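Working notes for the structure below.
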Amino acid sequence: MNFTDTAWKIFNQSIEDYHVLDSVDTPVKNPFETETLERILYAKNWIDTVQWHLEDIIRDENIDPTDALQLKRTIDSSNQKRTDLVEYIDSWFLDKYKNITPKSNAKINTETPAWAVDRLSILALKVYHMSLEANRESASEEHRQNCQAKLDVLLTQKEDLSTSITQLLTDIENGDVKMKVYKQMKMYNDESLNPILYQKEQK
């Protein structure tokens with residue numbers, strides 16, 4: 001089983017585990033051993049899955065404004081954790097390929113392996129939920145057919161993205177692509193960089 005097949009399997013395991021209780025407050029029970037890439041991938045998708053449902057909740061038009069504000073802050077915190085884990089995955093790949101010398105004409109990819117994996121994790125969630133809609137008995141036949149058409153596109157996208165990730169990793173291993181990582185440098189959660197936050201502290 002190659003890397004993308006393994007990641008896809010782990011992502012779907014995480015999604016299935018979450019939906020046993022289907023609650024954003026469910027504590028994560030990561031089944032993989034500490035310091036393994038599998039554990040990191042499971043944790044990454046669990047964050048994505050919880051955030052998926054937080055985003056659903058906050059779009060309730062009847063939500064209490066106070067609850068919505070707290071949810072927004074929870075989502076911001078989740079986004080930061082998601083970014084941190086993506087960068088951690090890239091660090092894992094950097095260490096894995098540290099002894100590979102890129103060729104003199106090696107290209108730099110616009111997307112790092114981990115950010116491509118991030119897209120694969122989100123795609124697993126899209127496939128899961130679109131499949132539910134395509135098979136929802138309470139929905140109209142037209143709705144199910146429309147969702148099945150969308151699901152077919154998502155599954156094609158999954159195959160294409162998986163192939164692209166595999167090709168990227170192969171190119172890095174062969175020295176055809178130089179792995180270069182830039183930190184995201186998110187500013188909105190940093191009290192020293194977000195003007196709203198640091199101006200409040202100065203008052």
Side-chain angles (χ1 to χ4, degrees), residues 7-8 10-32 39-89 114-151 153-154 157-158 161 183-203:
W8 187 257
I10 291 171
F11 293 157
N12 281 280
Q13 181 178 346
S14 164
I15 293 168
E16 292 288 348
D17 289 348
Y18 172 87
H19 285 94
V20 170
L21 296 178
D22 199 6
S23 168
V24 295
D25 296 319
T26 303
V28 58
K29 294 182 180 178
N30 199 315
F32 297 99
R39 186 178 182 86
I40 302 169
L41 293 173
Y42 186 97
K44 167 70 177 68
N45 181 267
W46 187 273
I47 288 175
D48 293 339
T49 303
V50 171
Q51 186 164 329
W52 177 286
H53 292 85
L54 289 172
E55 296 280 5
D56 281 347
I57 294 170
I58 204 170
R59 281 168 174 74
D60 181 355
E61 293 181 355
N62 297 315
I63 191 172
D64 180 88
T66 302
D67 293 338
L69 177 59
Q70 183 57 50
L71 269 175
K72 178 62 172 69
R73 289 174 174 166
T74 300
I75 290 170
D76 282 347
S77 175
S78 176
N79 263 324
Q80 188 63 59
K81 292 175 182 176
R82 168 177 165 258
T83 299
D84 291 345
L85 265 182
V86 171
E87 292 179 350
Y88 192 87
I89 294 170
W115 281 108
V117 170
D118 173 72
R119 292 201 291 133
L120 190 67
S121 176
I122 302 300
L123 191 56
L125 280 160
K126 291 181 180 180
V127 168
Y128 177 88
H129 287 282
M130 193 62 72
S131 179
L132 289 181
E133 290 299 314
N135 294 282
R136 180 160 61 90
E137 293 183 0
S138 62
S140 67
E141 181 63 24
E142 180 182 9
H143 174 86
R144 290 195 296 269
Q145 288 181 357
N146 287 337
C147 290
Q148 182 60 53
K150 293 176 181 179
L151 178 59
V153 173
L154 290 172
Q157 186 179 354
K158 179 258 181 181
L161 180 56
K183 300 295 184 181
Q184 289 298 301
M185 315 267 187
K186 288 189 178 293
M187 301 173 69
Y188 58 80
N189 284 328
D190 191 325
E191 293 183 1
S192 68
L193 297 175
N194 182 332
I196 299 298
L197 297 179
Y198 65 68
Q199 287 173 8
K200 180 180 178 181
E201 290 295 321
Q202 292 170 358
K203 290 181 180 179

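Only a predicted model underlies this, so the values are computations on that prediction, with no experimental measurement involved.
- Taking both residues in full, the closest heavy atoms of K126 and L154 are given as O-CD1, 3.8 Å, listed atom of the first, atom of the second, then distance.
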| query | Passes side chain to side chain contact (heavy atoms under 4.5 Å, CB included), H53 versus H129? Steps please. | reply | CA-CA 11 Å; H53 292 85; H129 287 282; 3.5 Å; yes

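- Contact between M130 and C147 at its shortest, heavy atoms only, is CG-O, 3.4 Å.
- Distance NZ/K72 to CG/D76: 3.5 Å, rounded to 0.5 Å.
- Results of the side chain to side chain donor-acceptor pair (under 3.5 Å) test with S14 over N45, D48, N30 single out N45 as the only residue that passes.
- Around atom CZ of R73, no more than 12 heavy atoms belonging to other residues, nucleotides or ligands sit under 6.0 Å away.
- Open room surrounds NZ on K150; 12 or fewer heavy atoms of other groups in view lie less than 6.0 Å from it.
- Crowding of E142 atom CD: a count of heavy atoms from other residues, nucleotides or ligands under 6.0 Å not exceeding 12.
- Here the straight-line distance linking atom CG of N12 with atom CD1 of I15 works out to 5.0 Å at 0.5 Å rounding.
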| request: Mind running side chain to side chain contact (heavy atoms under 4.5 Å, CB included) on V86 and V117 for me, showing each step along the way? | output: CA-CA 8 Å; V86 171; V117 170; over 6 Å; no

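- With rounding to the nearest 0.5 Å, the separation of CD1 in I10 from CH2 in W46 is 14.5 Å.
- D56 contributes atom CG, which lies 11.0 Å from atom CG of L71 (distance to the nearest 0.5 angstrom).
- Residues Q80 and D84 bring a donor and an acceptor atom of their side chains to less than 3.5 Å of each other.
- Across all non-hydrogen atoms, the minimal contact from L161 to R119 is CD1-NH2, 3.4 Å.
- For the atom pair CD (E87) and CG (D118), the distance works out to 11.0 Å, reported to the nearest 0.5 Å.
- In this structure, the separation between CZ on R82 and CD1 on I47 is 9.5 Å, given to the nearest 0.5 Å.
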